[in-house]
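Written below as C-alpha cells is the structure these notes are about.
Any value given below was found using the heavy atoms of this structure, including those in side chains, with hydrogens, waters and symmetry copies removed.
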Amino acid sequence: LEPKEEFEHSSLAVDVMRPRRSDPPLAVLTQDSMTVGGVEALVESTRYSGFPVVVSQESPRLVGFVLRRDLLISIDNARKRQDGVVGASLVVFSEHPPAQAPDGPPPLRLRGIMDLSPFTVTDHTPMDITVDIFRKLGLRQCLVTHNGRLLGIITKKDILKHMAQIANRDPDSILFN
Ligand code: ADP
C-alpha cells in the first residue's frame, strides 16, 4: 500500500480525531485533583480503552496516558489492601502530591501506571504522515494537540474507519491487522 495513493492530501489529524463536534467531550483525568470515586465514576461511565491525563481542566496540557485496565486494577488493589484508600482519596499522577488536610485519607499515587510520553501529533499534521507513524511505531492510539493544549485522540480503529471511508472498502483488507 502506498499511503500517498490512498490518502486525500487534504486530510489532517483534526479531521480524524475524536471527539467530533457532536460527541461528548474528551474524557480526561487531571493529574492531582480527582478523587478515587471521581475516577471510578468517569471510567465506569465510558468504554474507552484509555484516558489522557492533563494538568487540570483549566490547563489541558498533556501529562500522560493511562490504560483503563491498569486504572481499574490499581484502584481495586488499593481498595482491597485497605491501606486507607477510600472514595474520597485523591488520585495523584503528579510527582509530588498536593498539600492535603492532615486528617484526610491518604492519596492514591498512580504515576507508576502512566505512560509519561504518549505519542502526539498536532491538529494540522497530515493524515498520511500520521498513518506512517502509526505503522512504523506500532501505535494503538495517538493524542492530538494544538499549541500544547490537548484536543483529541486518534485510535488505530479511527484510522481504519477513515481509510475505509476514503477507499470505500473493507477496513480489514487495508494496512493493519
Ligand atoms: P477503539 O477505537 O479501538 O474502539 P477505544 O474504545 O479506546 O478504542 O475508543 C473508541 C472511540 O472513542 C474511538 O473513536 C476513540 O477515538 C474515542 N476515544 C478513545 N478514548 C477516548 C477518551 N478518553 N475520550 C473521548 N473519546 C475517546
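Side-chain atoms of S59 never come within 3.5 Å of backbone atoms of S56 as a donor-acceptor pair (strictly under, hydrogens ignored). In terms of modelled atom types and a separation under 3.5 Å, the side chain of T30 and the main chain of D32 share no donor-acceptor contact. With R109 contributing its side chain and E95 its backbone, the two residues share a donor-acceptor pair below 3.5 Å. Checked by atom type and distance alone, the side chain of T35 pairs as donor or acceptor with a backbone atom of G38 at under 3.5 Å.
Under the 4.5 Å side-chain heavy-atom criterion for Ile, Leu, Val, Met, Phe, Trp and Tyr, V86 and V92 are members of distinct hydrophobic clusters. Transitive grouping of hydrophobic side chains (ILVMFWY, heavy atoms separated by less than 4.5 Å) brings L42 and L108 into a common cluster. Hydrophobic clustering, with ILVMFWY side chains joined whenever heavy atoms are under 4.5 angstrom apart, groups I75 together with V66.
The environment of R20 atom CZ is dense: over 12 non-hydrogen atoms of other residues, nucleotides or ligands sit within 6.0 angstrom.
Using modelled atom types, one finds a donor on one side chain and an acceptor on the other under 3.5 Å when comparing D158 with T155.
We find that R68 and E44 are not joined by a salt bridge, their nearest charged nitrogen and carboxylate oxygen being 4.0 Å or further apart.
A 4.5 Å side-chain heavy-atom check between R149 and L62 finds every atom pair outside the cut-off. Between L143 and F65, some side-chain heavy-atom pair lies under the 4.5 Å cut-off. Side-chain contact between F51 and L26: absent, with no pair of heavy atoms (C-beta onward) separated by less than 4.5 Å. Considering only heavy atoms from C-beta on, L29 stays 4.5 Å or farther from V91 through its side chain. Annotation: side chain of T125 is not in contact with side chain of L12 (no heavy-atom distance under 4.5 Å). Annotation: side chain of L71 is in contact with side chain of V39 (closest heavy-atom distance under 4.5 Å). Residues R79 and V36 meet the side-chain proximity criterion, which asks for heavy atoms closer than 4.5 Å. You'll find the side chain of V63 reaches within 4.5 Å of the side chain of V55, heavy atoms only.
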